[in-house]
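Below is one structure, written out as structure tokens; comments come after it.
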There are 2 protein chains.
Amino acid sequence: MNYSSLYLAELTDQIIPFWQKHSIDKVNGGFFTCIDEQHQVFDTDKFIWLQCRQVWMFGTFYEKIKPNKEWLDIAENGADFLLKKGHDGNFNWYFSLDQQGNPTIEPYNIFSYTFACLAFSKMFTITKNEKYKEAFEKTFEQIEKRKNNPKGKWNKSISKNRPLKNFALPMILCNLYTEVGTLIPLEIKKQNIELCVFEILNHFWINDKKVLVENTTLEGNYSDTFEGRLVNPGHGLEALWFIMDLGVNYQRKDWINESVDKALLLIEKGWDSLHGGIYYFLDTEGHPPQQLEWDQKLWWVHLEAMICFLKGFELTQKNECLDWFKRIHDYTWNHFRDHINKGEWYGYLNRRGEVLLPLKGGKWKGCFHVPRALLKLHEIALRLSI
Amino acid sequence: MNYSSLYLAELTDQIIPFWQKHSIDKVNGGFFTCIDEQHQVFDTDKFIWLQCRQVWMFGTFYEKIKPNKEWLDIAENGADFLLKKGHDGNFNWYFSLDQQGNPTIEPYNIFSYTFACLAFSKMFTITKNEKYKEAFEKTFEQIEKRKNNPKGKWNKSISKNRPLKNFALPMILCNLYTEVGTLIPLEIKKQNIELCVFEILNHFWINDKKVLVENTTLEGNYSDTFEGRLVNPGHGLEALWFIMDLGVNYQRKDWINESVDKALLLIEKGWDSLHGGIYYFLDTEGHPPQQLEWDQKLWWVHLEAMICFLKGFELTQKNECLDWFKRIHDYTWNHFRDHINKGEWYGYLNRRGEVLLPLKGGKWKGCFHVPRALLKLHEIALRLSI
């Protein structure tokens with residue numbers, strides 16, 4: 001098996017053409033993402049997370065694969081739609097828009113902002129157009145303002161009675177700091193990265209449970225509540241490869257080793273030994289989780305896990321990493337790839353690995369995890385000559 | 001098969017003793033609801049919906065089965081805990097509390113208010129204590145204030161760009177108006193009931209799709225959006241038996257006939273012909289729903305469907321109703337009842353009918369749908385001598 005050419009062929013023959021052909025709204029700008037298994041658009045709403053991610057992704061194809069003008073045009077189409085319709089005039093990013101770009105859901109979600117930063121930093125990198133730099137900077141200011149109470153007035157938790165902090169924001173910031181290059185001053189970046197990495201490896205990692213949890217107390221202690229017991233193995237594995245990248249950039253071999261060790265422990269908990277694949281959610285104590293979808297198999301979980309273990313193998317040469325990579329590759333390739341209709345992959349399988357939602361894209365699945373993973377896996381496999 | 005005695009025995013031998021034995025917090029007041037299949041409490045948070053419903057339920061046992069002082073004490077324990085800890089002093093009802101009764105989730109959910117009304121109207125009926133009447137009245141005033149924008153500041157939808165109305169509130173009000181007796185003046189009740197029933201049977205019923213949808217435009221037209229295409233068959237069947245009850249109380253034979261006809265159409269769409277049972281969510285157009293749990297089988301859906309069809313049979317003598325009742329009874333009794341550990345039933349099965357969450361109660365499942373259905377089904381079956 002030559003992984004490196006397999007992934008590149010899948011990316012350039014199937015995934016990129018799928019999004020090029022089916023997702024572009026030539027009338028209104030922006031992208032459709034709700035696309036069924038026959039490759040028909042079944043809903044025209046536009047979700048800001050996914051608009052941003054597709055801009056970043058096509059910008060990345062242009063930057064990393066080849067300077068194809070069509071890809072740049074697609075990225076610019078999305079970026080300009082976002083600038084015109086995606087925010088309230090003050091770079092507060094809505095959650096979703098209708099097809100014409102009228103906002104339908106308020107800017108309650110801070111990850112719309114972080115993915116906007118991802119998109120505009122990439123656009124600035126490849127075009128050097130100052131409007132993208134400005135959009136990045138204004139949005140980043142808003143994140144700074146909101147990061148201590150990300151949900152703002154939409155927060156339903158009464159924090160004084162149950163003060164918890166959430167894993168997702170430091171995790172996403174780890175990736176953002178890697179991606180933004182020189183748009184954030186080096187010293188500020190370094191301080192923030194050290195803080196985020198420390199929180200993830202120490203506060204969110206629960207030593208006696210051998211898992212990363214989604215929420216802890218403000219001091220970084222375990223909270224025996226539904227929120228505090230919640231484990232999302234895919235989220236954890238994705239964060240751990242973000243930290244491996246930071247370990248490389250900042251010459252922190254200790255971060256790399258710790259991430260790899262933790263990933264190997266986490267996958268033991270997350271793997272479904274009966275049906276294969278990685279669970280979506282678990283409870284640290286083995287109690288029933290609140291999430292009814294807990295036993296489902298999601299595309300992004302598996303792709304992020306593949307990156308985590310192949311990167312871990314490249315950086316540490318641990319054979320356990322390669323074994324896990326291969327096992328997860330086999331499951332993912334056999335179950336998520338659509339061997340009949342081709343194009344983009346399925347996203348949602350039931351516990352047994354059967355297709356649960358016959359879609360290629362939806363409210364939460366766009367042009368992002370499959371192509372990002374295929375590109376990263378191709379690059380790593382090429383370096384490893386596998 | 002003698003349904004009437006089967007249901008009464010299950011209720012009095014299994015379900016009531018389960019909640020009496022395992023759910024009472026004798027130290028702090030109120031009820032535990034997160035109880036696993038070994039009948040152990042696995043989380044101590046207190047959810048206002050479920051606190052209210054258990055008060056209503058034990059009050060109903062006391063009123064309808066026998067005046068057992070222990071049941072009254074349990075209802076009073078819950079009601080007094082609610083009065084002391086459940087609201088903000090102005091009868092704005094929190095969504096959840098910790099074990100000691102400190103609020104952890106803000107009063108964002110109007111159904112905490114409607115279920116509080118249900119609880120306090122029952123407590124007033126059985127005790128005649130004025131404090132419960134006052135709690136009912138103050139809470140009802142808050143519902144009136146909030147009903148045009150139930151989510152208040154927590155509303156994330158930008159209604160001016162996508163004005164939709166939701167099915168759940170008129171549906172729950174139909175039941176509340178039936179339950180509150182004379183606590184709301186007859187004329188006001190009648191006007192509101194006519195409005196709610198009209199909305200459900202005309203606006204939320206989509207004629208050419210033969211389903212009730214969860215959201216429509218303000219004028220009651222179909223909205224081809226994720227929200228407007230969403231069908232929750234169990235929700236619909238529950239609303240239809242609420243309307244049958246109103247049909248009996250207000251001598252509206254037309255409401256009864258229309259509800260029964262619609263229920264028979266709705267169950268044809270909702271039934272899973274491959275694995276049996278009723279789907280949790282569907283999309284009117286057959287597109288993939290947003291809800292990852294769409295194909296799961298939930299206890300309350302099946303119990304409400306049983307009430308709907310047995311009541312429909314009693315009121316119209318249509319054999320199709322009896323056939324559907326028997327089919328759903330067989331599925332429900334075989335799959336949701338816990339034939340090994342006994343006590344309360346399971347709540348969440350996967351599409352194949354296997355237990356998905358090994359719990360008897362949780363954040364959304366308390367002492368309500370199983371006992372309410374067993375009691376109502378027992379009463380109807382007794383009148384039918386089946």
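Proteins get letters first, then strands, A, B, ... in listed order; numbering begins at 1 in each. As a basis for the values below, the full set of heavy atoms in this structure was taken, side chains included, without hydrogen atoms, waters or symmetry mates.
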>> If I measure from the heavy atoms of chain B, does N109(A) come under 4.5 Å with its side chain, its backbone, both, or neither?
In response: neither
> Where do N155(B) and E106(A) come nearest, in terms of heavy atoms and distance?
Replying inline: O-CG, 4.2 Å
>> Under a 4.5 Å cutoff for heavy-atom pairs, which residue among L292(A), T44(A), N102(A), N161(A) has the most contacts with chain B?
In response: L292(A)
> How far does SG of C34(A) sit from CD of Q290(B), to the nearest 0.5 angstrom?
Replying inline: 7.5 Å
>> Under 4.5 Å from any heavy atom of chain B, what part of P107(A) do you find: side chain, backbone, both or neither?
In response: neither
> For the residue pair P288(A) and L359(B), what are the closest heavy atoms and their distance?
Replying inline: CB-CD2, 3.7 Å
> R229(B), Q291(B), E293(B): which one forms the most heavy-atom pairs within less than 4.5 Å of chain A?
Replying inline: R229(B)
>> Please evaluate residues D43(A) and H287(B) with respect to the criterion side-chain contact (heavy atoms from CB on, under 4.5 Å), reporting the C-alpha separation (whole Å), side-chain torsions for both, the decisive distance (0.1 Å), and the verdict.
In response: CA-CA 9 Å; D43(A) 192 274; H287(B) 298 320; over 6 Å; no
>> With a 4.5 angstrom heavy-atom cut-off, is it the side chain or the backbone of D295(B) that approaches chain A, or both, or neither?
In response: side chain
> Which of residues 349-357 of chain A get closer than 4.5 angstrom to chain B, counting heavy atoms alone?
Replying inline: R352(A), E354(A), L356(A), L357(A)
> Out of curiosity, I158(A) CD1 to L97(B) CG, how far, rounded to the nearest 0.5 Å?
Replying inline: 8.5 Å
> When you look at NZ of K165(A), are more than 12 heavy atoms from neighbouring residues, nucleotides or ligands closer to it than 6.0 Å?
Replying inline: yes
> Which class fits the ring pair F226(B) and F42(A): parallel under 30°, tilted 30 to 60°, perpendicular over 60°?
Replying inline: perpendicular
> Which bit of D45(A) comes within less than 4.5 Å of chain B, counting heavy atoms only: side chain, backbone, both or neither?
Replying inline: side chain
> For chain B, which of K153(A), K156(A), R162(A) has the most heavy-atom pairs under 4.5 Å?
Replying inline: K156(A)
> Taking atom NZ of K209(B) as the centre, does the number of heavy atoms from other residues, nucleotides or ligands within less than 6.0 Å exceed 12?
Replying inline: yes
>> If I take atom CZ from residue F95(A) and atom OG from residue S157(B), how far apart are they, to the nearest 0.5 angstrom?
In response: 11.5 Å
> Relative to chain B, which segment of W364(A) carries a heavy atom at a distance below 4.5 Å: side chain, backbone, both, or neither?
Replying inline: neither
> Once you round to the nearest 0.5 Å, how far does NZ of K160(B) lie from OG1 of T104(A)?
Replying inline: 10.5 Å
